Amino acid sequence: MRTLVIGKGAREHALCWALSSTTRVSELYCAPGNAGTAGLARNLPLDPFDSVGIISAVRELGIELVIVGPEAPLAAGLGDALQAANIAVFGPGRKASLLEASKAEARAFCQRHGIPCAPTVHFSPATGLGDLKAYLEANRGRTLVLKKSGLAAGKGVLESKDTGELLNFGEAVLCNDELLAEEYLEGRELSLPVLLTEAGHLPLPALGGHKRALAGDRGPSTGGMGAFSPLPFASPELLAQIQKDIIAPSLEGMAKEGLLYRGVLVFGVMATPAGPRLLDYNVRFGDPETQVLLPRLEGDFAALCAAISRGGAIPRPDFSARYACGVVVAAPGYPISHSRGLPVDLSALGGSVSLGQPGIELGSDPGEAGAKALLFQAATGRDGEGGIRTGGGRCFTAVGLGQDWSKARDRAYEVAGMVAFEGAWFRPDIGDSVFSAGPSRS
Ligand code: GLY
């Protein structure tokens, strides 16, 4: 099966790695890809927003399946264009993408279908700043969460109790977008990917992560600074409650409104003492969550994606009992503004990693099968001398794997520390707040 992955992040490097490990994929392409995907797939210099160019490449190369990684091309209608051209696609059309691309639409959807969320107030540019000022004044001293309605690569959220900071953020958003103000929810956050077709759905393992830039979950919001799986507090009881309160009514609502699609829908959930609350929907695989999910998948990822894109029964995949910890290595200045084009030295990790093969053997551990660690690249490119250069804010995801959490964590940090470029940094505490209670698991 000739397969094309759209995107250039570490998520897409992980998707290409999982697809290239199966015999089912005869030719693998990535558009536009990065220096890592080039070691596993043929990179095509196509713009993910150029649906005409993508369709013509798909026809010319006989590509049978397109998997869309990022949300923005889906929100721009790439899924619809591929479907209209009769090309099998993993990912929704524009209308369903609004569940992610418009938080205002998503909240309205939740209200229509009784899906529990934080109490939310909606402000539009037309209402002006007056209403926001009055709301902030009435809630002075309370922690509030302000969210830009449209896509913002995870950065359109501010959690604060500082009225001045909230007002500045809200004013900037209201220049060109709608704004949501939500009550701050206390609880434990998790991410639940659910594979989806018009005919059925299948939840995958729950994932944890950290969205704030700095240790202790402080600092500005990011697309995600790390992720981990399995998640010790995701008990069968909690997952059953999320299924009943959130997943089932969401899918029923989508069916009623003609929004079901073939792909993955990720439920961002806060488990609060009063029950689970939906934080957001993502209509594609998460980044960096995918980088810790796929290394635990046992079985044929290509077969799974192909079955979903055909709308058939979803095969139930197995996941290994190993722990996975993913640490994002970021560029200096991220997430505010970041340098690009920094030369990267991966030589400490060995030649094959520099060539885009993510697997890393770290020492020997008799009895432990499989790679001990992986390094996924994001938006990297090659310079004139063949060296690797950074291209984005979140430049790499170092993933450690192990039979227990501390091994997975130590390995992730060992690899993250070997990724060398000027100003490289990462959060030092991925998973600590969750696993400090001990490695109990469900
Ligand atoms: N890590 C969250 C996201 O993929 O948007």
Side-chain angles (χ1 to χ4, degrees), residues 5-15 18 34 48 67-76 90-92 96-103 105-106 145 147-159 180 188-196 204-214 217 219-229 231 234 263-270 278-295 324-330 334-335 376-379 392-399 412 426-427 430-431 433-434:
V5 174
I6 301 286
K8 63 175 182 180
R11 165 185 49 208
E12 286 73 29
H13 193 185
L15 290 169
N34 60 42
I67 301 171
V68 185
E71 58 279 18
L74 292 166
F90 184 99
S97 298
L98 287 178
L99 288 174
E100 172 168 3
S102 167
K103 289 189 169 47
E105 287 282 337
V145 185
K147 293 183 175 173
K148 174 180 160 60
S149 177
L151 293 178
K155 292 176 244 166
V157 179
L158 175 69
E159 212 174 86
L180 306 182
R188 312 186 91 173
E189 193 172 337
L190 68 156
S191 182
L192 249 188
V194 174
L195 296 172
L196 197 65
L204 297 180
L207 306 158
H210 299 279
K211 297 213 175 87
R212 307 284 289 270
L214 305 177
D217 291 321
S221 287
T222 72
M225 295 304 298
F228 39 88
S229 175
L231 198 53
V264 63
L265 177 63
V266 183
F267 294 78
V269 174
M270 186 69 85
L278 181 82
L279 296 172
D280 53 23
Y281 295 114
N282 286 342
V283 298
R284 38 74 203 179
F285 283 114
D287 184 347
E289 289 82 358
T290 305
Q291 292 91 299
V292 295
L293 177 70
L294 292 180
C325 170
V327 174
V328 168
V329 183
Y334 178 79
F376 296 114
Q377 306 188 24
R394 293 184 296 160
C395 306
F396 294 87
T397 308
V399 178
F426 43 81
R427 261 184 72 154
I430 299 303
S433 54
V434 167

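Nothing here was measured: the structure is a model prediction, and the numbers come from that model. Read the numbers this way: they start at 1 and go in the same order the structure lists the ligands and their atoms.
Aromatic pair Phe376/Phe396: ring centres not closer than 6.0 Å.
Within the 4.5 Å cutoff, no side-chain heavy atoms of Ser149 are placed close to those of Glu105. For the pair Met225 and Lys211, the minimum side-chain heavy-atom distance is 4.5 Å or more.
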Please tabulate, one line per pair, the protein nitrogen or oxygen atoms found under 3.5 angstrom from a nitrogen or oxygen of ligand 1, with distances to 0.1 Å, or say none if there are no such pairs.
| from | atom 1 | to | atom 2 | distance (Å) |
| --- | --- | --- | --- | --- |
| ligand 1 | 1 (N) | Gly223 | O | 2.8 |
| ligand 1 | 1 (N) | Asp287 | O | 2.8 |
| ligand 1 | 1 (N) | Glu289 | OE1 | 2.9 |
| ligand 1 | 1 (N) | Glu289 | OE2 | 3.2 |
| ligand 1 | 4 (O) | Arg284 | NH1 | 2.8 |
| ligand 1 | 4 (O) | Asp287 | N | 2.9 |
| ligand 1 | 4 (O) | Asp287 | O | 3.4 |
| ligand 1 | 5 (O) | Asn282 | ND2 | 3.4 |
| ligand 1 | 5 (O) | Arg284 | NH1 | 3.4 |
| ligand 1 | 5 (O) | Arg284 | NH2 | 2.8 |

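Between Phe228 and His210, the ring-plane angle classifies as tilted under the 30° and 60° cut-offs.
Arg427 places no side-chain N or O within 3.5 Å of a backbone atom of Gly226 that could act as its donor or acceptor partner.
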- Start with the C-alpha distance between Gln377 and Cys395, add both sets of side-chain angles, then the distance that settles side-chain contact (heavy atoms from CB on, under 4.5 Å), and finish with yes or no. CA-CA 6 Å; Gln377 306 188 24; Cys395 306; over 6 Å; no

